[in-house]
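Everything on this sheet refers to the single structure shown next.
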Amino acid sequence: MFGIVGIPVMEIAVAAQEVGIKYVGMRNEQAACYAASAVGYLTGRPGACLVVSGPGLIHALGGMANANMNCWPLIVIGGSSESSQETMGAFQEFPQVEACRLYSKFSARPSSIEAIPSIIEKAVRSSIYGRPGACYVDIPADFVNLQVKVNSVKYIECCMPPPVSMAETSAVCMAASVIRNAKQPLLIIGKGAAYAHAEEGIRKLVEQCKLPFLPTPMGKGVIPDNHPNCVGAARSRALQFADVIVLFGARLNWILHFGLPPRYQPDVKFIQVDICAEELGNNVRPAVTLLGDINAVTKQLLEQFDKTPWQFPPESKWWKALREKMKSNEAVSKKLASKKSLPMNYYTVFYHVQEQLPRDCFVVSEGANTMDIGRTVLQNYLPRHRLDAGTFGTMGVGLGFAIAAAIVAKDRNPGQRVICVAGDSAFGFSGMEVETICRYNLPIVLLVVNNNGIYQGFDINTWKEMLKFGDATAVAPAHSLLPNSHYEQVMTAFGGKGYFVQTPEELQKSLRQGLADTTKPSLINIMIEPQATRKPQDFHWLTRSNL
Ligand code: ADP
Ligand code: MG
C-alpha cells in the first residue's frame, strides 16, 4: 500500500501495517498511485493507493488514469468527508465516486461498514479479471473509527485467480493458415503479453516458426532484445512492409500508428490476440481475431504448428531486408555514440549506460528524447523489467515506478538493481520522491539526463544573454529550464550519493560507484548538449516512438 495519510485515513494505514501490509508513505498522491499501479503490473496483483478526501483523491486521479490506460490493476482507497454532512460543505467534500468513474473500471462507496469486505472483493476482482484496470473504493470519515460487532461483518474470501479463456478453434486454425501463407510476417509483442506472463509460449512460437518479432516499448524483454529474431532496430521498415502482423497484447493506438498507411501496407492482414473483445477491430478490420488469454492462445497456435510443422524460411528476402536495415540503423547509432565532442549527446550517454547495466536490472525510463532514444539503446533481457511513460505518455511516473520496482525486488530478489533514467523535465514532476527513496533506503540509481529543458534547452551563456532582453517571463522560451541545475543535490540533501557529470569518463566512474553500492541510492546528473536530438528519421509525422 502506497499513499499519504491525513484525516480521515490515518487509522487505515496503521491498521494495514498491523495486519502485515507493507505501507510506503510518499510525498505526492500522484506518485503514490503510479507506484501502486506498477506493483500491479509487476506482480499481477493490485497494489493499493491510500489517499485523503478531496484534494488527496484528486491528485491520485492522474495515477488512476495512467493505470487504466495501461490496463494495469490498481485499487485506490479514498477517505471522504463525513457522510452525515454530505452536501453541507463538509471538510474536503467532493463527489469522489462520480469523479473516479472516468478513470476506473469500478467506483463505489460501501453502504455500511458491514458491506466493506464485499466491495473490496469486487474491486480486487474487477481490477484483475478481463482487461485489468483501476478500481476505486470510497470510505467516509465516519466509517473509519466506527465500531461494529465482529460477527456482524461477513468476511469474504479473496477471489480466485482470473479465469483463463481460449480462442475459438476455427479462428486459431485460420490464424495459423494466414501465418503460413505470409511472405513478410511480423509478430508484435505488447505489454499485454508481458502482463500475461506469456514469455515462454511466445518465445517457442518465434523460435519454432523462425518469425521476426518487434516488441513495443514495454513489451521489451518478453523475449530478450538481443534475440536474433528481434527486429527492433528496423522498426519502421518491419511495420511498413509486413504483410501479416500478429498482435500479442498490443493495441493499434498511437504507439503503433493506428495500424494505418503510410506506416503499414494498406492490405496488411492483422491477427489480433487480446482478452478484451471490444478492442478487436479498433482502427482496422482484422483478418482474424483471437479472443482469449495470450498465454492460452499462444499454446493453441503452437498446437497447430506442432501438428503440421512449418517455419518461415530464414533465407527469405524479408529476413534479408530486415537484417540489412538493422545493420545500417545500428551503424548510425554507433557513430553518434562514438562522438567525442562535449557536451555529450544522448547516444554517447546511453552507450556508456548500456555497457554497465546489470542484465537483470529494472529499467525505468521517462522523458521525451531521453525515453525515445534510450529505448533503442538500453536493452531488456527479462519480461516486465521495463517501465515507462506508457500508453498515456505520462511524464513524472519514473520515481514512483522505481520505488515500486525496488520494493518488489527487495521481496523477490534482493540485490537486483533498479535504474531510473529520466529527463530533467520528467524528473521535476516527482522530484521530492527522492526523500521517499532515501527514507526507505531503496538503492535506486537515478540518472537525470539534463539538457536544461523540455525537449531542448539552452546553455548557461545563451540563457544569460537572453535575460539581458527582459524578464524571464517575457523572454525565456516556455520549454527552457534553469541551466546547469544541480539535481544531484536533491539526493545528497537526504543522505544519498550525488554526482554531477559532464564527460564520458565521469559518467562511467559515477555509474560504476552507484551500481557497486547496494546500500545507498544515488543520483547522477548528466549534462548533455542542450540542443541534442535524435538521429534523422525516415518519417517526420508521429515522431514519438517511430525510431
Ligand atoms: P502496448 O502499449 O505494449 O502496445 P497495450 O497496452 O496497447 O500494449 O495493449 C495491451 C493489451 O493487452 C490490451 O488491449 C489488453 O486488453 C491486453 N491484455 C492484457 N492482459 C491480457 C491477457 N492476459 N491476455 C490477452 N490480452 C491481454
Ligand atoms: Mg530535458
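Note that ligands are numbered from 1 as they come in the structure, with each ligand's atoms numbered from 1 the same way. Source: prediction; values computed, not measured.
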Could you tell me whether the side chains of Asn295 and Thr298 share a donor-acceptor contact shorter than 3.5 Å? no
Backbone or side-chain N or O of Ile294 under 3.5 Å from ligand 1 N or O: yes
Nearest-contact summary for atom 3 (O) of ligand 1 - protein heavy atom, Å: Thr216 OG1, 2.5 Å
Once rounded to 10 degrees, what value does the angle at the Mg ion (ligand 2) take between OD1 (Asp424) and O (Gly453)? 100°
Considering only protein heavy atoms, which is closest to atom 19 (C) of ligand 1, and at what distance to one decimal place? Gly192 CA, 3.9 Å
Decide yes or no on side-chain contact (heavy atoms from CB on, under 4.5 Å) for Phe458 and Gln531, but give the supporting numbers first. CA-CA 7 Å; Phe458 297 96; Gln531 301 285 316; 4.1 Å; yes
Within the stated cut-off of 2.8 Å, is an N/O/S atom of Thr370 closer than that to the Mg ion (ligand 2)? no
Taking the six-membered ring where the residue is Trp, are the ring centres of Phe248 and Phe213 under 6.0 Å apart? no
Who's the nearest protein heavy-atom neighbour of atom 2 (O) of ligand 1, and how far? Lys191 NZ, 2.7 Å
Would you mind checking which non-hydrogen protein atom is closest to atom 9 (O) of ligand 1, with the distance to 0.1 Å? Gly249 O, 3.3 Å
Can you confirm if the aromatic rings of His227 and Tyr381 lie within a centre distance of less than 6.0 Å? no
Indicate whether the side chain of Tyr346 and that of Asn451 have a donor and an acceptor atom separated by less than 3.5 Å. yes
Going by the closest heavy atom to atom 20 (N) of ligand 1, which one wins out of Tyr195, Trp72, Phe248, Trp254? Tyr195
Any non-hydrogen atom of Pro162 lying under 4.0 Å from ligand 1? no
Does any N or O atom in Glu279 lie less than 3.5 angstrom from one in ligand 1, N or O only? no
Proximal ligand 1 atoms for Gly292, defined as those under 4.0 Å from one of its heavy atoms: 24 (N), 25 (C)
Per-atom filter on ligand 1: closer than 4.0 angstrom to a heavy atom of Thr391 are 2 (O), 6 (O)
Which residue and non-hydrogen atom of the protein lie closest to atom 5 (P) of ligand 1, and at what distance in Å? Arg251 NE, 3.4 Å
With no hydrogens and no angle check, just 3.5 Å: does a side-chain donor-acceptor pair link Glu488 and Asn525? yes
Regarding ligand 1, does Ile275 bring an N or O atom to under 3.5 Å of one of the ligand's N or O atoms? yes
So that I can tick it off, tell me whether Arg131 and Glu279 are bridged by a salt bridge, with the cut-off set at under 4.0 angstrom between side-chain N and carboxylate O. yes
With side chains defined as the heavy atoms from C-beta onward, is the minimum distance between Glu506 and Ile524 less than 4.5 Å? no
To which protein heavy atom is atom 15 (C) of ligand 1 closest, and what is the distance rounded to 0.1 Å? Asp274 OD1, 3.4 Å
Any heavy atom of Arg131 under 4.0 Å from ligand 1? The part involved is side chain
Logged contact type for Asp293 with ligand 1, heavy-atom cut-off 4.0 Å, is both
Heavy-atom closest pair, residues Val76 and Cys33: CG2-SG, 3.9 Å
For ligand 1, indicate whether the residue Leu256 contacts it via side chain, backbone, both or neither (heavy-atom separation under 4.0 Å). neither
Cut-off 3.5 Å, side chains only: do Thr391 and Lys191 have a donor facing an acceptor? yes
Pair Asp306-Gln208, side-chain donor/acceptor within less than 3.5 Å: yes
Evaluate the side-chain contact (heavy atoms from CB on, under 4.5 Å) criterion for residues Asp243 and Gln265: first the C-alpha distance (whole Å), next the side-chain angles of each, then the deciding distance (0.1 Å), finally the verdict. CA-CA 7 Å; Asp243 65 347; Gln265 291 299 307; 6.0 Å; no
Give the atoms of ligand 1, by number and element, whose distance to some non-hydrogen atom of Ala196 is under 4.0 Å. 22 (C), 23 (N)
Go through ligand 1 atom by atom and flag the ones less than 4.0 Å from a non-hydrogen atom of Gly190. 3 (O)
